[in-house]
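Start at 1 with the first residue, then count along the sequence.
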Amino acid sequence: MSVVTIEGSIQDGKIELLEKVDLPDQTRVYVVVPDFSVREVKQRFARIASPRLKDQSFIQDFVIEVIDQEK
């Protein structure tokens with residue numbers, strides 16, 4: 001899965017992106033809100049816990065090598 005980060009803001013209850021991006025209908029997106037306190041919201045949100053590795057002996061299966069390629 002590739003990920004692209006596009007900055008935006010909320011205007012009149014809608015997300016306004018700072019760049020022009022044409023996303024096809026039904027594109028799955030994730031909204032990350034920095035510096036946000038749940039206390040500011042009156043609705044309840046579900047808490048999504050980060051996944052944890054049950055058996056630490058399998059940790060080597062998740063080691064990756066990152067190669068930095070200059071353009």
Side-chain angles (χ1 to χ4, degrees):
M1 170 175 66
S2 64
V3 177
V4 174
T5 303
I6 304 165
E7 189 174 351
S9 62
I10 303 295
Q11 298 294 326
D12 297 321
K14 296 180 182 176
I15 298 173
E16 298 276 333
L17 302 178
L18 295 180
E19 316 173 13
K20 173 136 176 66
V21 179
D22 291 323
L23 297 172
D25 287 342
Q26 304 301 313
T27 299
R28 177 175 280 183
V29 297
Y30 299 89
V31 178
V32 177
V33 183
D35 302 323
F36 181 76
S37 172
V38 175
R39 287 182 236 125
E40 299 172 10
V41 178
K42 295 177 183 171
Q43 299 175 350
R44 289 186 167 190
F45 287 94
R47 181 177 180 273
I48 302 173
S50 297
R52 299 286 187 262
L53 189 58
K54 184 176 180 181
D55 187 348
Q56 293 293 318
S57 66
F58 293 105
I59 195 76
Q60 289 301 319
D61 293 344
F62 296 93
V63 173
I64 63 170
E65 179 182 357
V66 178
I67 301 171
D68 186 18
Q69 297 178 342
E70 294 184 21
K71 293 182 179 181

E7 atom CD, over 12 foreign heavy atoms within 6.0 Å: no

Test side-chain contact (heavy atoms from CB on, under 4.5 Å) applied to V4 - qualifying residues, sequence neighbours left out: I6

Residue list, salt bridge (Lys or Arg N to Asp or Glu O under 4.0 Å) with K20, at least two apart or on another chain: D22

Among all residues two or more places apart in sequence or in another chain, which pass the side chain to side chain donor-acceptor pair (under 3.5 Å) test with Q11? S9

Taking atom CG of D55 as the centre, report whether more than 12 heavy atoms of other residues, nucleotides or ligands fall under 6.0 Å from it. yes

Heavy-atom closest pair, residues F62 and L53: CE1-CD1, 3.8 Å

Do I15 and L18 sit in one hydrophobic cluster, given that two such residues count as connected whenever their side-chain heavy atoms are within less than 4.5 Å of each other, even indirectly? no

Closest heavy-atom pair and its distance - V29, L23: CG1-CD1, 4.3 Å

